[in-house]
S.K.: 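First, the structure itself, so that you have it in front of you.
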Amino acid sequence: MNKMYGLPLFALALGALVTGASLAQAEGELETQTQTESDLNSDMNTGVDTDSAAETQLLDSAVLIEIEDETVTHDGLTVSEIEGMDVYTTGDENIGEVDEVLGDETGQVQAFVVEIADGVFDLDPRKVIVPADRLTLDTENDRYRTQLTQADIEGFDQWNQ
């Protein structure tokens, strides 16, 4: 009589094992999905733009070249019109000015070299690479604005060329 129940019990036990493994896998996927949603919500709540942050990190200063072609425009301005423009925070603090416009091998504007004001005499100004998408043209005041702080900008790679 035990033999009659042996096969169904084995199948039942095997089914429970497979179901348990499937449930564990599903729970793991659910935890991963929940964590991803949690990260996204956290970024939305803190105002962090993860796409911009990732893009900033992917900006390879080694492949950027100075754009000297006056036919290249960005924000409706030529390179010579952009160079020398002041850069302000949204709190109206002057951070520095655009020293150079940088692009990739296709000639597309990718970044600006911003010369950071270091005080009254600007004896040793730092030049940092700021991704173009982090500056917004303020046409009313003829300058660029950024959501970044001076400390944020000082954290960008230096331009040593």
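One is the number of the first residue; the rest follow in order along the sequence.
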S.K.: Please give me the minimum heavy-atom distance between G107 and I67, naming the atom from each residue.
M.R.: O-CD1, 3.7 Å

S.K.: Less than 4.5 Å apart, side chain to side chain, heavy atoms only: is that true for I129 and Q158?
M.R.: no

S.K.: Is atom CD of Q147 surrounded by more than 12 heavy atoms (other residues, nucleotides or ligands) closer than 6.0 Å?
M.R.: no

S.K.: Could you go through the side chain to side chain contact (heavy atoms under 4.5 Å, CB included) check for V101 and E83 one step at a time?
M.R.: CA-CA 7 Å; V101 178; E83 291 174 346; 4.1 Å; yes

S.K.: Would I82 and H74 satisfy side chain to side chain contact (heavy atoms under 4.5 Å, CB included), going step by step from the backbone distance to the final call?
M.R.: CA-CA 8 Å; I82 294 171; H74 182 75; 3.8 Å; yes

S.K.: Can you tell me how far the CD atom of E81 sits from the CG atom of D75, to the nearest 0.5 Å?
M.R.: 11.5 Å

S.K.: Are the side chains of I153 and T146 in contact, using a 4.5 Å heavy-atom criterion?
M.R.: yes

S.K.: So which heavy atom on F156 is nearest to which on R126, and how close?
M.R.: O-NH2, 4.4 Å

S.K.: Verify side chain to side chain contact (heavy atoms under 4.5 Å, CB included) between L77 and M85, making sure each step is shown before the conclusion.
M.R.: CA-CA 11 Å; L77 301 172; M85 290 187 84; 3.8 Å; yes

S.K.: Considering only heavy atoms from C-beta outward, does the side chain of V113 approach that of V128 to under 4.5 Å?
M.R.: no

S.K.: Given side chains that start at C-beta, do those of I95 and T89 come closer than 4.5 Å, heavy atoms only?
M.R.: yes

S.K.: What distance do W159 atom CH2 and E66 atom CD have between them, rounded to the nearest 0.5 Å?
M.R.: 7.0 Å

S.K.: With sequence neighbours left out, what residues match T73 under side-chain contact (heavy atoms from CB on, under 4.5 Å)?
M.R.: T78

S.K.: Are any non-hydrogen side-chain atoms of N141 and R145 less than 4.5 angstrom apart?
M.R.: yes

S.K.: Tell me whether the rings of F112 and Y144 are parallel (<30°), tilted (30 to 60°) or perpendicular (>60°).
M.R.: tilted

S.K.: Got T149 and D152 here, is their nearest side-chain heavy-atom distance under 4.5 Å?
M.R.: yes

S.K.: A side-chain contact here means heavy atoms from C-beta on lying under 4.5 Å apart; do Q110 and L102 qualify?
M.R.: no

S.K.: Any side-chain to backbone donor/acceptor pair from D104 onto Q108? Under 3.5 Å, distance only.
M.R.: yes

S.K.: Take D92 and R143 through the salt bridge (Lys or Arg N to Asp or Glu O under 4.0 Å) test and state the conclusion after the steps.
M.R.: CA-CA 11 Å; D92 242 11; R143 60 186 175 194; 3.1 Å; yes

S.K.: Listed by chain and number, what are the side-chain contact (heavy atoms from CB on, under 4.5 Å) partners of N94, not counting sequence neighbours?
M.R.: D86, Y88

S.K.: Does a side-chain heavy-atom distance below 4.5 Å link E154 with I116?
M.R.: yes

S.K.: Could you work out, with side-chain hydrogen bond (donor to acceptor under 3.5 Å, both in side chains) as the rule, every residue matching E70, not counting sequence neighbours?
M.R.: S80

